[in-house]
Structures are given as C-alpha cells and as structure tokens.
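Here is the structure we will look at.
When a residue number appears, it is its place in the shown sequence, counting from 1.
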Amino acid sequence: MTTFDKREQGFEAKFAHDEELMFKAAARSNKLLGLWAAGQLGLSADAAAAYATALVTDNLANQTMTLSKVSSDLAAKGISREQVAQKLQECLHQALAQLAAAASKAGD
C-alpha cells in the first residue's frame, strides 16, 4: 500500500467518524429538545418520552423539520420559532458535550 493510499484511508476514516458523530449529535439533540418541549406542553412522563422519540425517528434527517414541528406544537404556548431555534442550538451543544464526555470516558 502506498503512502497516498494510507492517507486516503485516513481521510475516509475521519469523514466516516465525523458523519457518525453528527448523526449521534443530531439524534441526541432532537431527543433533548423533545423532552424540553414536552415539559413546556405539560405532557406526562410516558407521553414526553414518546414525543422525544418521535422527534428522533421522524425528523432526524432534517433539523429544519424538527424546528418546524416543535415550533408549531409550542406556538399555542406563546413560544416563538426563534426561542425553539435557540433551544435546539443549546441542545446540540449539550449533545456534543455529552458525546465528547462519553468518548473520553471510553478512552480511559
């Protein structure tokens, strides 16, 4: 195997790792957002878990769809799309921090 081939494999591995990380972060942030929104809606624990799971499974491919769904669900509570977007960003940062902590713990 040439040096070029090794480099190419390294780049491919990094790309795959980064994509997997973003997939996991999106799923986790959708779940966190769903749990927060369920709290705003006053849902029971079981209903909150189902709502959060639905956000993960139904809207994972598109954060815009997640934002639209949650915004429309919370509009009656007086929570704006901008507030939901801000919360989604907070959830994404929290999800990335959780994944980083899990990765460092696994590396110990």
Side-chain angles (χ1 to χ4, degrees):
M1 182 179 291
T2 67
T3 303
F4 180 75
D5 291 336
K6 288 179 185 177
R7 245 180 114 186
E8 183 178 16
Q9 281 184 339
F11 284 126
E12 288 172 359
K14 182 179 181 342
F15 178 79
H17 176 267
D18 291 348
E19 288 297 308
E20 180 181 359
L21 177 65
M22 288 313 299
F23 178 82
K24 287 179 180 179
R28 191 172 289 217
S29 67
N30 282 0
K31 184 171 185 175
L32 292 170
L33 181 69
L35 292 172
W36 171 79
Q40 300 299 312
L41 294 167
L43 300 179
S44 69
D46 289 341
Y51 183 86
T53 299
L55 281 182
V56 171
T57 57
D58 296 346
N59 298 312
L60 184 58
N62 190 336
Q63 292 289 325
T64 303
M65 289 173 52
T66 300
L67 180 59
S68 295
K69 163 93 174 96
V70 174
S71 295
S72 68
D73 292 346
L74 294 177
K77 296 287 185 180
I79 299 173
S80 70
R81 183 179 177 93
E82 291 77 22
Q83 289 171 302
V84 176
Q86 181 179 353
K87 187 64 178 181
L88 179 57
Q89 285 301 309
E90 291 172 17
C91 290
L92 182 58
H93 291 296
Q94 184 179 357
L96 288 169
Q98 290 174 354
L99 289 169
S104 70
K105 188 177 250 186
D108 289 341

At what distance, to the nearest 0.5 angstrom, does [atom1] of [X] lie from [atom2] of [Y]?
| X | Y | atom1 | atom2 | value |
| --- | --- | --- | --- | --- |
| Q40 | K87 | CD | NZ | 8.0 Å |
| Q63 | L33 | CD | CG | 8.5 Å |
| L35 | L55 | CG | CG | 9.0 Å |
| L32 | Q98 | CG | CD | 5.5 Å |
| E19 | K14 | CD | NZ | 10.5 Å |
| C91 | H93 | SG | NE2 | 10.5 Å |

For this session: Verify side chain to side chain contact (heavy atoms under 4.5 Å, CB included) between W36 and L74, making sure each step is shown before the conclusion.
Result: CA-CA 11 Å; W36 171 79; L74 294 177; 3.5 Å; yes

Could you state whether [X] and [Y] fall into the same hydrophobic cluster, counting links through intermediate Ile, Leu, Val, Met, Phe, Trp or Tyr residues with side-chain heavy atoms under 4.5 angstrom apart?
| X | Y | value |
| --- | --- | --- |
| L99 | L88 | no |
| Y51 | I79 | yes |
| L67 | V70 | yes |

Exercise. Taking C-beta and beyond as the side chain, do T66 and D58 meet within less than 4.5 Å on heavy atoms?
Worked result: no

For this session: Determine whether F23 and R28 make a side-chain contact, defined as any pair of heavy atoms from C-beta on separated by less than 4.5 Å.
Result: no

Exercise. Within a radius of less than 6.0 Å around CG of D5, do more than 12 heavy atoms belonging to other residues, nucleotides or ligands occur?
Worked result: yes

Exercise. Which atoms form the tightest heavy-atom contact between A95 and S29, and what is the distance?
Worked result: CB-N, 3.8 Å

Exercise. Do side-chain atoms of Q83 reach the backbone of S80 as a donor and acceptor pair under 3.5 angstrom?
Worked result: yes

For this session: Please check if any side-chain donor atom of S68 sits under 3.5 Å from a side-chain acceptor atom of R81, or the reverse.
Result: yes

